[in-house]
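Report on the structure given below.
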Amino acid sequence: MPTAIEAFDLSAYDVVLSSSHCVAKGIIPRPDALHVAYVHTPMRYAWDLWPQYFPATGPISRYVVPLVLNYLRTWDTASAQRVDRFLTNSQFVARRIAKYYRRRATVVPPPVDTAFFTPGSERGDYYLMVTALVPYKGIDLAIQAFNALRRPLKIIGSGPLAAQLKALAGPSVELLGWRSNEELRQYYAACRALIFPAQEDFGIVPLEANAAGRPVLALGLGGALETVIPANDTRSPGTQHPRTDLTEAPTGVVFTSRTPAALQEAVHFFEAHEALFCPAALRQHALQFDRQRFKQRIQQLLTEMLARHTARLQRHNRSPLL
């Protein structure tokens, strides 16, 4: 993949905007071109999450994979120097970019399709997860919690852990597999709340649920800390104490321990304080991340960056870009 992305001939372009979760930032622009990279995350499987993606179960994962990852990390770090300006989706990822690339990144939260995900008239009694069935998503944690709670949990998504998770699921947990966007919209609008037990770089799913007027029960790590306004006081042990310092409507409940017991406690808190969550306020919160706002912010930043880049070239006695 690094070889493929470097093979693109971009010599005709004055400005390049790359959208990268893996190798796209590694394109080779013209020396006087402006390259702005929107990095969703440094390669998770090459950096901090590589033990989860490649557990040491045999000679290939023990001896071959580390060599390949060493090459990827070296290339990833070197190719970051081809980027003039970094954009990213959260402060959480901006800190990782600073750690691995030693570069600053401007945060522009990603777009949420609030025009598509809207509140509905029907309301069910089930909790909902929307996720890929992969190890770091915390799906086993949620299944164990809801097995014990005996509350209905519906899980939408597919992935390599499907068979393992179905075997773990009790009678109250249903794995629905992949669903169309139209079906997903209906499940969002009718759920009691969304369950989000993963540490994500940003996490668009909680905001899609908010756009549909539904609250979120989220693990208090990663990007969720930048999008979920908790109704509970996370400064005290557990999740049982309502906040007294709220200046805006809450959008969810945060649990700080990655355990089934902590999620169960969050569910109990939510059910005892469900009246705190207003569908209209939840949707208003999600509208801050609407697609149109994202487009406006990107256009504004590109205009400013191009103006500074052109001025810098002129100071160095080069021709302006445009």
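- Within 6.0 Å of the CZ atom in R104, the count of heavy atoms belonging to other residues, nucleotides or ligands does not exceed 12.
- No more than 12 heavy atoms of other residues, nucleotides or ligands lie within 6.0 Å of OH in Y13, so this atom counts as exposed by the packing criterion.
- A salt bridge links R82 with E6; the closest basic N to acidic carboxylate O contact falls under 4.0 Å.
- Linking ILVMFWY residues whenever their side-chain heavy atoms come closer than 4.5 Å, directly or via other members, places V267 and L153 in the same cluster.
- Looking at E304 and R85, no side-chain N of the basic residue comes within less than 4.0 Å of a carboxylate O on the acidic one, giving no salt bridge.
- With 3.5 Å as the limit, one finds no donor-acceptor pair spanning the side chains of R283 and T114.
- The aromatic rings of Y101 and W47 lie perpendicular to each other, with more than 60° between the two planes, well past the 30° mark.
- For F270 and F277, the gap between ring centers is short of 6.0 Å.
- Sorted by first and then second residue, the side chain to side chain donor-acceptor pair (under 3.5 Å) pairs with a member in residues 174-183 read K154-E174, S180-E183, E182-R185; sequence neighbours excluded.
- Ion pair R44/D201 flagged as a salt bridge, since at least one NZ, NE, NH1 or NH2 atom sits closer than 4.0 Å to an Asp/Glu carboxylate oxygen.
- Classified by interplanar angle (parallel below 30°, tilted 30° to 60°, perpendicular above 60°), the ring pair H40/Y38 is tilted.
- Y127 and F146 have their aromatic ring centers within a separation under 6.0 angstrom.
- Between the side chains of E271 and H268, no donor N or O sits under 3.5 Å from an acceptor N or O.
- Atoms CG and CD1, on L263 and I143 in that order, are 11.5 Å from each other to the nearest 0.5 Å.
- Shown here for A198 and Y136, the closest heavy-atom pair between the two residues is CB-O, 3.8 Å.
- Looking at every heavy atom in both residues, V216 comes nearest to N210 through CG2-ND2, 3.7 Å.
- Closest non-hydrogen pair, V134 versus P160, comes out as CG1-CD, 3.9 Å.
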